[in-house]
Number of protein chains: 2
Amino acid sequence: MSDLSPSLADPLKEANEPSSPVARFGPEAPLLMDCGVVLDHWQIAYQTYGTLNADKSNAVLVCHALTGDQYVASRNPITGKGGWWTAMIGPGKPIDTDRFFVICANVVGGCTGTTGPASTNPATGKPWGLSFPVVTIRDMVRAQAALIDSLGIETLFCVAGGSMGGMQVLQWAASYPGRVFSALPLATGAKHSAQNIAFHEVGRQAVMADPDWRQGRYLEEGTRPSKGLSVARMGAHITYLSEQALHRKFGRKLQDREAPTFSFDADFQVESYLRHQGLSFVERFDANSYLYVTRAMDYFDLAADHDGVLARAFAGTKTRFCVASFTSDWLFPTADSRAIVHALNAAGASVSFVELESDKGHDAFLLEEPNLFATTRGFIGAAARARGL
Amino acid sequence: MSDLSPSLADPLKEANEPSSPVARFGPEAPLLMDCGVVLDHWQIAYQTYGTLNADKSNAVLVCHALTGDQYVASRNPITGKGGWWTAMIGPGKPIDTDRFFVICANVVGGCTGTTGPASTNPATGKPWGLSFPVVTIRDMVRAQAALIDSLGIETLFCVAGGSMGGMQVLQWAASYPGRVFSALPLATGAKHSAQNIAFHEVGRQAVMADPDWRQGRYLEEGTRPSKGLSVARMGAHITYLSEQALHRKFGRKLQDREAPTFSFDADFQVESYLRHQGLSFVERFDANSYLYVTRAMDYFDLAADHDGVLARAFAGTKTRFCVASFTSDWLFPTADSRAIVHALNAAGASVSFVELESDKGHDAFLLEEPNLFATTRGFIGAAARARGL
C-alpha cells in the first residue's frame, strides 16, 4: 500500500515564533473579525523585498493563495525550497524588486507565523485549534491593512495575487479603495462556486475523518492527521491542473515498470506523482489551517456584501485593474473573471482583461507563462508611469 | 462536525448468499483472469426482465457502472430503492421488456452477489479481502459470457451500458464480435484518462487511510472503513455532475439557515448534499470492492491490447454501434466518444454517434434525458427490424 507517514515541520514553533519578521498587535489594535470575535493579541508574519522609496509610493502587496506563505521570492526556511513566485518577482522580473518594495504576509488562519489555529491562545496557553474564530477573506485583508499601517504606508502602488490571493486583491479594492492604486487579480473569482465549495468540503472531511485529527486537538495530544490531510491535498491538487496537462505530463505511463502489477501499488506515474504531492504537503502545512483557509474561500462572495450587486463593491473606485484568466483553468474559469470585469465596467473602473492561452490549468498563474509575464510587465509599467514612479 | 457512522448492509451475506439468482461455476468452468489467477469456484449474481423468445434472439445485456448492481429495473433489496435505470428499461420503455429479455449481472469484484473481495475464499474459509485477484474489465466480460452461455444464449441482440458499463460494452464487441448484434456504449471511453485515474487514486487512498480498513481485513476484524469510503464517494460524486448542474441545484444557497454559522458545519446545501451522498453510499457498498472496481477502470485501455491501435479491437466487426456522449460530461468528454467512433469508422463498422446536450454531467446517462431515450429507442428499434424481431 502507501506510506503516508513523513517527517513533519513543527507547526507550534512556526505559528508562534516564525522564521520571518512579525508585526505584533495588542488591545490597542484589535483585529475585528467578521464572525464577531475580537482578537486583541495577534500577529502577522511577512517578508519584504526591495526598498521602500522616500514618499512610500512604490509598495506592492502580494497576496498568497490557499497554501502559500510569505516567502514569495526567497527561500522558505520550512521547506528549504525557493519562493513560490520567483518567476514573477525579483530583480528585473515583471514585478521588479529593483523598482518596487514588495510585501508578502502570511494570512490570518495560516500556519507560517500569522495568528491561526496552531497559535497559542493567550487565554488558555494552549493551541487555539478549532476554538480559533472562523476567518474570512475580509479578515485577512483587515490584518494586512494593519501591517501596512504599521509600515507607515498609506497607499499601495499595487495589490497582486492569484486564486485566493486574487480574492484578497478584490477585497482590498472594495474595502480600501483609496489605498490601492492598481490591482492585479489573477485566476480568481468574486465568489466561490458550488463545485469549488464541494471540493473543499471533501478535503475538510478527509482531514476530519482521520482519527489523529482528534477533533482538532492533535497538537495538544501529540498526533498529526497526516493521512487525512494528504488525501485532501491529493484531491485538491487535481483541481489545480487540467486534463490536458495531466495527459501531457503522465498520460497512462507506468512508474518504473513494464506492465501493470495487478495490485494497488502506484502503477501509474500520475498516482505516484499525486502521492508525492500529498506527502510533501503534510510536511509543511497545518491541518487545522487547511480547514480555516478553505472555509475562508468558501465564504467569499463579494457581491453578497453589497446587496448582491458586485458593481457596488467597486463604486467610485479610482483603482486601475488588470484581470487575467487562463483557458484551461476549470477551478476559476474565464467566466468568473468576466463577471469581475463586467462589474468593474459597470462601476466605471479602469480595467483591462486578458484570457491567457495555457493548458496548465489553475496553477498556470504560478508557472512559467510568458504571456502572463508580458501582461504583468505591461500593466505594472503603465501604472508606474501613471503614478510617476 | 459530521456524523459518518450510519447503519450498514452486511457485505458478507450479500457476497455469498445474494438476494438474486446466481450462476455458480466450479473447476469445470474456471474464470481465467488477466492477472493470471484462475478462479475455480466463482459465481455471478444477476436479474432478468421480460421473456426470452424461442430462438433466443431477443436478449439484451445491460452492464452496470462503477457502483451499480444487477437491480437495473427492479427494487434493490439492499437499499429498498428502485432499479438504477428504470427510466430506460421496462414495459414500453426505450429498452422495452415487453419485447426484449433484459439481463443485468453484478460485475466480478462487485459486492452484490458476484464473486469479489467480500466473498469467502474457499481455500481459507475467510473473506478474500485484498488477496482477491485484481480484476479487469475483460475479466468482468468473461464472467458475463459464462453466464450468457449458461443461459443457452449464443448471440446477444444488444449490449448496453454507460461509463464503466460502456467499457464493458466495448470489451464485449472486441472479445466476442460474433455474439453482439448491436452495442450501445454511453458516456464512456476506450481507456481511462490520467485525470480519471488520479481521481480514483484519491478515493482509494481515502479508503486505505482509514484505520478501520485494517489493511483490507476489516470484515474479519469486525470494523468498517466507513469514513474513508464516504470521503471517497464524496469526491467521486462531484466528478459525476457538472459545474452548471451544481450551480443550478445548489449555487451558494445555505442549508436551513439565514446566515453562515462561521463554523465547519454544512452551512451550504452542496455540503449537506455531498455528506448525504457519502453516508448513503457506505450503507450499500463494500470498501474493498470500491478499490477493485475503480482499479479495473484504471487498467482499461482497449487499444493497448491491440498494439496500440483501437481500430484493430474492432477489425471485421459486424456489430451495429450507437455511441453517445453528453456535452457537460467532463469525466468522459465527447472527445473520448469521438475516439471510439473514429476507430469504428476505421474498422468499417456500422456506427452512429450523437453528442447529447445536457448540463447534468456524466450522470446524465442515468437520468431523465428525453434525447437519450429517443436515441436509444430509435437505435434499438432499427436494430430489432434488422434482426427480424
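Below, read A as the first sequence line, B as the second, and so on, with proteins coming before strands; counting in each chain starts at 1. The figures that follow rest on heavy atoms only: side chains count, while hydrogens, waters and symmetry mates do not.
In this structure, no portion of A/Asn196 lies under 4.5 Å from any heavy atom of chain B. Residue contact with chain B, scored on non-hydrogen atoms closer than 4.5 Å, involves the side chain of A/Pro211 exclusively. B/Asp210 does not touch chain A: none of its heavy atoms, backbone or side chain, sits under 4.5 Å away. When heavy atoms are compared at a cutoff of 4.5 Å, A/His200 does not approach chain B at all. If you measure heavy-atom distances from A/Asp267 to chain B, the contacts under 4.5 Å come from both the backbone and the side chain. With a 4.5 Å cut-off on non-hydrogen atoms, A/Leu274 touches chain B through its side chain but not through its backbone. For A/Ser242, the part lying near chain B is the backbone, with the side chain staying farther off; criterion is any non-hydrogen pair under 4.5 Å. Of the two parts of A/Pro333, only the side chain, counted from C-beta on, holds a non-hydrogen atom closer than 4.5 Å to a non-hydrogen atom of chain B. Looking at A/Phe199, both its backbone and its side chain come within 4.5 Å of chain B, counting heavy atoms on both sides.
Contact count against chain A (heavy-atom pairs under 4.5 Å) is highest for B/Arg252 among B/Arg252, B/His237, B/Gln195, B/Lys191. Of all the listed residues (A/Asp298, A/Thr294, A/Thr261, A/Thr136), the one sharing the greatest number of non-hydrogen pairs under 4.5 Å with chain B is A/Asp298. When each of A/Phe250, A/Phe300, A/Tyr273 is scored by its heavy-atom pairs under 4.5 Å with chain B, the top score falls to A/Phe300. Chain B forms the most heavy-atom pairs under 4.5 Å with one residue out of A/Leu241, A/Val135, A/Ile238, and that residue is A/Ile238. Of the listed residues B/Leu246, B/Val270, B/Ile197, the one with more heavy-atom pairs under 4.5 angstrom with chain A than any other is B/Ile197. Among A/His247, A/Arg295, A/Glu243, the residue making the largest number of heavy-atom pairs under 4.5 Å with chain B is A/Arg295.
Within the 6.0 Å centre-distance limit, the rings of B/Tyr292 and A/Phe264 are counted as a close aromatic pair. No close placement of the A/His276 and A/Phe281 rings is indicated, their centers lying 6.0 Å or farther apart.
Between B/Asp212 and B/Lys227 there is no salt bridge, since no side-chain N of the basic residue sits under 4.0 Å from a carboxylate O of the acidic one. Between A/Asp329 and A/Lys360 no salt bridge is recorded (no basic side-chain N to carboxylate O distance below 4.0 Å). Checked for salt-bridge contact, B/Glu201 and B/Arg204 meet the test: a charged N lies under 4.0 Å from a carboxylate O. Using a 4.0 Å cut-off between charged side-chain N and carboxylate O, A/Lys253 and A/Glu271 make no salt bridge.
Here the CG atom belonging to B/Leu291 is positioned 8.5 Å from the CG atom belonging to B/Asp286, to the nearest 0.5 angstrom.
No side-chain donor from either of B/His362 and B/Thr239 sits under 3.5 Å from a side-chain acceptor of the other. Side chains of A/His192 and A/Tyr299: no donor on one and acceptor on the other come within 3.5 Å.
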